Asks: 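Below are the structure tokens for one structure; questions will follow.
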Amino acid sequence: REKTNLRLGNYALAIDNLSPLAQQIPFHTPLYSSVHATIAQAYINLQNLDSARLYITRAAMAEKSKPLKARYRYIEAQLLEQFQALDSAQKAYQSIVNWKRKAPRMFWMQAKLQSIRLQSLCDSISPIKALDRLAAPFENQPYVPLIRQQQARYFMRLKQDSLGIAYYNQSLNSPY
């Protein structure tokens, strides 16, 4: 019922109805992470990101399924980035990367790209070599457009528009 309230835009009602349940439900039950993730979604829709981060962190800690856990950790990292907690966001992305093949490849690749981006921002190093190494393996070929896009953003941030445009074109011309 509360997911329907979310779809209808009744975010406050969904929070009011699920909050008592979230307090009562034991940590190890299967519904714990689902309830907390739903509350987090309602808070995100209300632009109350601090409360959303708390609930999505709880959902990620309790979730047993690796794909859902990776999804929740990725959302948590994005929220941390919005709070400018770049070190914490880097750790959250890195936790997904450390799962290697246990996480879905799309989440793994996105987390790896964001981790490289944050590392280049914090340490002021060039991410180009790391991104080129990431594009080399055969299993990463479907994600080459994402890698080239990340390289283009890096060059655009450095005000090297011609290189940025070249990498954007490579991204667009990729067969994947």
Side-chain angles (χ1 to χ4, degrees), residues 1-122 127 134 139-140 142-143 145-147 149-150 152-154 156-157 171 176:
R1 181 180 74 189
E2 302 316 320
K3 286 191 178 191
T4 303
N5 279 329
L6 283 180
R7 288 187 191 105
L8 293 174
N10 300 328
Y11 310 125
L13 179 63
I15 292 170
D16 289 342
N17 290 341
L18 284 176
S19 292
L21 178 63
Q23 300 297 325
Q24 295 171 354
I25 195 165
F27 181 78
H28 296 292
T29 59
L31 287 178
Y32 184 88
S33 60
S34 178
V35 167
H36 281 79
T38 304
I39 294 172
Q41 180 63 49
Y43 276 124
I44 288 171
N45 291 343
L46 287 173
Q47 298 298 315
N48 192 345
L49 302 180
D50 192 35
S51 297
R53 188 179 66 82
L54 172 74
Y55 281 100
I56 201 72
T57 302
R58 289 179 183 172
M61 287 188 329
E63 185 58 50
K64 302 238 186 292
S65 164
K66 288 289 185 180
L68 280 177
K69 190 175 192 104
R71 179 180 181 190
Y72 296 157
R73 291 290 290 172
Y74 191 83
I75 294 169
E76 178 187 357
Q78 288 177 320
L79 290 172
L80 287 166
E81 250 188 284
Q82 288 184 350
F83 287 123
Q84 300 300 317
L86 299 182
D87 289 339
S88 299
Q90 170 75 12
K91 287 179 185 176
Y93 286 130
Q94 196 59 43
S95 72
I96 299 170
V97 171
N98 291 342
W99 291 337
K100 298 186 177 155
R101 300 204 183 276
K102 293 178 185 172
R105 194 67 180 170
M106 182 53 116
F107 283 119
W108 185 90
M109 182 58 70
Q110 290 287 351
K112 182 71 173 174
L113 289 172
Q114 296 305 325
S115 176
I116 291 170
R117 182 182 61 81
L118 287 178
Q119 185 178 13
S120 73
L121 283 174
C122 294
L134 191 59
E139 64 187 347
N140 293 343
Y143 306 104
L146 296 174
I147 296 168
Q149 212 173 55
Q150 193 73 24
R153 288 184 188 135
Y154 172 72
M156 294 300 248
R157 193 176 75 227
S171 170
Y176 294 102

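Note: hydrogens, waters and symmetry copies are ignored here, and every other heavy atom, side chains too, is used. Every value quoted in this text rests on a predicted model; they were computed, and no experiment measured them. Heads up: numbering here begins at 1 and tracks the sequence.
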Asks: Minimum heavy-atom separation for A14 to E2, with atom names?
Replies: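 Scanning both residues, the minimum pair turns out to be CA-OE1, 3.3 Å.
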Asks: Scan the side chains in residues 59-73 for donor-acceptor partners under 3.5 Å anywhere in the protein, sequence neighbours excluded, and list what turns up.
Replies:
| unit_1 | atom_1 | unit_2 | atom_2 | d |
| --- | --- | --- | --- | --- |
| E63 | OE1 | S33 | OG | 2.6 |
| E63 | OE2 | S65 | N | 3.2 |
| K69 | NZ | A60 | O | 3.0 |
| K69 | NZ | E63 | O | 3.4 |
| R73 | NE | S95 | OG | 3.2 |
| R73 | NH1 | E76 | OE1 | 2.9 |
| R73 | NH2 | S95 | OG | 3.2 |

Asks: Looking only at heavy atoms, what is the nearest atom pair of I39 and A22, with distance?
Replies: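 Smallest interatomic distance, heavy atoms only, reads CD1-CB, 3.7 Å.
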Asks: Roughly how far apart are I116 CD1 and L121 CG, rounded to 0.5 Å?
Replies: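 That separation rounds to 12.5 Å.
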Asks: Which pair of non-hydrogen atoms, one from P26 and one from T29, has the smallest distance, and what is that distance?
Replies: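 Minimum heavy-atom separation between P26 and T29: O-OG1, 2.9 Å.
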Asks: So L146 and M106, side chain to side chain contact (heavy atoms under 4.5 Å, CB included) or not? Walk me through it.
Replies: CA-CA 10 Å; L146 296 174; M106 182 53 116; 4.3 Å; yes
Asks: Given the rule in the side chain to side chain contact (heavy atoms under 4.5 Å, CB included) test, do E139 and R101 qualify, once you have shown the distances and angles that lead to the verdict?
Replies: CA-CA 12 Å; E139 64 187 347; R101 300 204 183 276; 2.9 Å; yes
Asks: Heavy atoms, side chains only, cut-off 4.5 Å: are Q41 and Y11 in contact?
Replies: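 SC-SC contact between Q41 and Y11 ruled out.
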Asks: To the nearest 0.5 Å, what is the distance between OG1 on T4 and CG on L13?
Replies: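 The distance works out to 11.0 Å.
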Asks: Does the side chain of K112 come within less than 4.5 Å of I96's, by heavy atoms?
Replies: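 A side-chain contact under 4.5 Å is absent here.
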Asks: For residues Q82 and L79, determine if any side-chain heavy atom of one lies less than 4.5 Å from a side-chain heavy atom of the other.
Replies: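 Touching, per the 4.5 Å side-chain cut-off.
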Asks: Looking at W108 and A103, would you say the former's side chain and the latter's main chain have a donor-acceptor pair under 3.5 Å?
Replies: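 Not a single qualifying donor-acceptor pair exists.
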Asks: Search all heavy atoms of D87 against all heavy atoms of C122 and return the closest pair with its distance.
Replies: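 Shortest heavy-atom contact: OD1-SG, 4.2 Å.
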Asks: Looking at E81, R117, Q114, Q119, which one forms a side chain to side chain donor-acceptor pair (under 3.5 Å) with Y93?
Replies: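 Result for side chain to side chain donor-acceptor pair (under 3.5 Å) with Y93: E81.
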Asks: Considering non-hydrogen atoms only, spot the tightest contact between L118 and Q90 and give its length.
Replies: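 Scanning both residues completely, I find the closest heavy atoms to be CB-OE1, 3.3 Å.
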Asks: Distance check, rounded to the nearest 0.5 Å: N48 atom CG versus L54 atom CG?
Replies: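 Nearest 0.5 Å value for the CG-CG distance: 10.5 Å.
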Asks: Could you check I15 against L46 for side chain to side chain contact (heavy atoms under 4.5 Å, CB included), going step by step and ending with a plain yes or no?
Replies: CA-CA 10 Å; I15 292 170; L46 287 173; 3.6 Å; yes
Asks: Could you check R53 against L80 for side chain to side chain contact (heavy atoms under 4.5 Å, CB included), going step by step and ending with a plain yes or no?
Replies: CA-CA 8 Å; R53 188 179 66 82; L80 287 166; 3.4 Å; yes
Asks: Check whether any side-chain heavy atom of L134 sits under 4.5 Å from a side-chain heavy atom of M109, and report yes or no.
Replies: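 Contact flag for L134/M109 side chains = yes.
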Asks: Can you tell me how far CD1 of I56 sits from CG of L49, rounded to the nearest 0.5 angstrom?
Replies: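 If I round to the nearest 0.5 Å, the distance is 12.0 Å.
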Asks: For residues K3 and S34, determine if any side-chain heavy atom of one lies less than 4.5 Å from a side-chain heavy atom of the other.
Replies: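 SC-SC contact between K3 and S34 confirmed.
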Asks: How far does OG of S171 sit from CZ of R153, to the nearest 0.5 angstrom?
Replies: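 The OG atom of S171 sits 8.5 Å away from the CZ atom of R153.
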Asks: Please evaluate residues Y32 and H36 with respect to the criterion ring-ring contact (aromatic ring centres under 6.0 Å, His included), reporting the C-alpha separation (whole Å), side-chain torsions for both, the decisive distance (0.1 Å), and the verdict.
Replies: CA-CA 6 Å; Y32 184 88; H36 281 79; 4.1 Å; yes
Asks: Evaluate the ring planes of Y55 and Y43, with Trp represented by its six-membered ring, and classify them as parallel (under 30°), tilted (30 to 60°) or perpendicular (over 60°).
Replies: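 Y55 vs Y43 ring planes: parallel.
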